[in-house]
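Remarks on the structure that follows.
For clarity, every value in this text was computed on a predicted model and none was experimentally measured. Along the sequence shown, the residues carry numbers beginning at 1.
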Amino acid sequence: MFFIDTSRHGQPVYDPIVNQSLDNYLVNDLKLPGHGLIMYVNQPAVIVGVNQNAYAEVNMPYLKEKGIKLVRRTSGGGAVYHDYGNIIFENIVINDDTHFGDFNYFAQPIIDALHDMGAKDAQLRGRNDMVIGNSKFSGMTMFKVGQSYAAGGTLMFDLDMDVATKVLTPEKDKLASKGVKSVHSRVTNVKPYLDPQYQKMDIEAFKEVLLRHLFKANSLDDIDTYHLNDHDWSIIDDRLKGKYDTDEWNYGQNPGFDYYVSKHYDIGTVSFNFSLSQDNRISAIKIYGDFITGGNISLIEKALARTELTQKALVRALDSVDLKANLGDIQADTLADCQGQFKNVGFRQKEM
């Protein structure tokens, strides 16, 4: 493993729009052979997953009132709040997908480093969360292009929990599935669990110590490092202008279809925003959620278009597309469960 230094002319970059575009450049364009690692800090921002409806996940009035940026990443997963008390780490792996989907492989080095620094109870739990006790301090995600991918997540060191609680509005059944009542009750900073000398550090000092633990190095100078150069930055800047710095990408469009139903599964939350024709068929549909997939959600949307809103018809439509490849490991009848998802929008049970 080697380090990819994403500072610019020796200065850290805190712009979340710039930082969230780095993995896309590193995986699709630069393609440094092997296993690289980037680590950075963002100014206050809400980061939403590539498949999420920002309008359902974020308190937009509060976000705009506080001047918090909204940024959409290129991978799946849920909405998270970042500020100067939070570290983002990403593993960039080129031409070797052996460990794609294996969150433990990438979480364990972080956990081992935190153990060394005093947070002995840190562990990976569930699909992609690192926790201490019942509280999460890191969520992880991945995205894949061919045999290359990015895998990483957040690490809450000294995050402002009050702001996070007010700006994020997750699905209630997602919280219920984790046995908690609010965002605030299910997350924690790792700082209080560390040995005293680490609790006194600011975010940049803690990031340096974390890197040294990960690479088992006495100083950053001892770590094999690639520094982003002016040529790299010129390409990154150019890409930002066309996509990642636009409201169309970051906010997305709120289709405003007639119905919005959502349920939390083992693969994550899946939400359907749709409208119905007079003959009870799906006339328009958009799928959202915090699921993590390397597939194409639009294939599922196309399969559901013009489908009658009955259990039998929905299962038949969903069975016509590879759900595991394009959404996650879930059965068609589970996803089409009328009692869980569609009973409040006039679901017809005549064919059950």
Side-chain angles (χ1 to χ4, degrees), residues 16 19-20 23 42 44-60 62-63 68-83 86-90 101 103 106-107 110 124-131 134-144 150-156 159-161 163-189 249-252 254 260-273 286-295 297 327-330:
N19 286 332
Q20 289 301 134
D23 55 9
N42 282 332
V46 170
I47 316 297
V48 295
V50 66
N51 296 307
Q52 287 193 297
N53 181 351
Y55 298 90
E57 300 286 340
V58 180
N59 182 340
M60 290 295 183
Y62 183 82
L63 178 119
I68 299 169
K69 285 193 174 184
L70 179 68
V71 185
R72 186 177 299 275
R73 59 176 171 266
T74 53
S75 57
V80 293
Y81 173 69
H82 291 177
D83 64 15
N86 182 72
I87 288 175
I88 301 90
F89 63 93
E90 286 193 82
F103 288 101
F106 298 103
I110 298 286
L124 181 70
R125 183 179 298 165
R127 180 177 55 138
N128 58 339
D129 292 344
M130 284 187 267
V131 302
N134 292 319
S135 296
K136 168 180 170 179
F137 65 85
S138 175
M140 299 178 66
T141 187
M142 299 187 186
F143 82 89
K144 187 170 182 281
T154 61
L155 198 164
M156 289 178 280
L159 189 83
D160 189 326
M161 295 296 181
V163 174
T165 300
K166 292 174 182 175
V167 77
L168 298 178
T169 56
E171 297 287 346
K172 291 181 179 179
D173 69 334
K174 178 178 179 179
L175 292 176
S177 74
K178 297 180 181 292
V180 295
K181 296 181 180 179
S182 70
V183 174
H184 203 292
S185 66
R186 66 176 289 245
V187 297
T188 187
N189 283 312
W249 168 258
N250 291 306
Y251 282 79
N254 189 2
Y260 191 89
V261 292
S262 183
K263 188 172 182 178
H264 186 72
Y265 302 96
D266 289 341
I267 64 167
T269 299
V270 183
S271 305
F272 298 88
N273 191 188
K286 181 69 178 175
I287 299 173
Y288 298 101
D290 62 2
F291 45 81
I292 298 171
T293 176
I297 297 301
L327 180 64
D329 191 5
I330 188 170

### Query
Y81 versus I68: any side-chain heavy-atom pair under 4.5 Å?
yes
### Task
Examine distances only and state if a side-chain atom of Q52 and a backbone atom of A79 form a donor-acceptor pair shorter than 3.5 Å.
yes
## Note on the structure
The single option from L327, T293, I287 that satisfies side chain to side chain contact (heavy atoms under 4.5 Å, CB included) with N51 is T293
### Task
Would you check if V187 and S135 make a side-chain contact, meaning some heavy-atom pair closer than 4.5 Å?
no
### Query
What do the steps show when you test M156 against M161 for side-chain contact (heavy atoms from CB on, under 4.5 Å), and what is the final call?
CA-CA 10 Å; M156 289 178 280; M161 295 296 181; 4.0 Å; yes
### Task
List the atom of L63, the atom of Y251, and the distance in Å for their closest heavy-atom pair.
CD2-OH, 3.7 Å
### Message
I'd like to know if the side chain of R73 reaches the main chain of V50, judged simply by a donor and an acceptor atom lying under 3.5 Å from each other, with no hydrogens or angles considered.
### Response
no
### Query
Between V163 and Y62, is any pair of side-chain heavy atoms under 4.5 Å apart?
yes
### Verdict with supporting geometry, F291 and I297, side-chain contact (heavy atoms from CB on, under 4.5 Å)
CA-CA 11 Å; F291 45 81; I297 297 301; 3.4 Å; yes
### Task
With the side chain counted from C-beta on, respond yes when D83 and D160 share a heavy-atom pair under 4.5 Å apart, and no when they do not.
yes
### Query
With respect to L70, which candidate in V48, V167, I47 satisfies the side chain to side chain contact (heavy atoms under 4.5 Å, CB included) definition?
V48
### Query
Does some side-chain heavy atom of N42 sit less than 4.5 Å from a side-chain heavy atom of N86?
no
### Task
State the CD1-CG distance between I110 and L124, to the nearest 0.5 angstrom.
12.0 Å
### Summary
When every non-hydrogen atom of N53 is compared with those of Y288, the smallest separation belongs to N-CD2, 3.2 Å
### Task
Evaluate the side-chain proximity of I292 to N128: yes if any heavy-atom separation is below 4.5 Å, no if none is.
yes
### Query
Looking only at heavy atoms, what is the nearest atom pair of M142 and A151, with distance?
CG-CB, 3.5 Å
### Query
Got a donor-acceptor contact below 3.5 angstrom from the R72 side chain to the W249 backbone?
yes
### Message
Determine whether a donor-acceptor pair (N or O, by modelled atom type, separation under 3.5 Å) exists between the side chain of S138 and the backbone of M130.
### Response
no
#### Entry: T269 (side chain) donor-acceptor with D290 (main chain) under 3.5 angstrom
no
### Query
Crowded around K286 NZ? As in, over 12 foreign heavy atoms under 6.0 Å?
no
### Message
Test side-chain contact (heavy atoms from CB on, under 4.5 Å) on H264 and V270; report intermediate values, then the result.
### Response
CA-CA 6 Å; H264 186 72; V270 183; over 6 Å; no
### Task
Decide if atom NZ of K69 counts as having more than 12 heavy atoms of other residues, nucleotides or ligands within a radius under 6.0 Å.
yes
### Message
Once rounded to the nearest 0.5 Å, what's the spacing between atom CG of L155 and atom CZ of F89?
### Response
6.5 Å
### Task
State, yes or no, whether a side-chain contact exists between M140 and T154 at a heavy-atom distance under 4.5 Å.
no
### Message
Quick check for you: to the nearest 0.5 Å, what is the distance between L159 atom CG and H82 atom NE2?
### Response
8.5 Å
### Query
Is there side-chain contact between N59 and L168, with at least one heavy-atom pair below 4.5 Å?
no
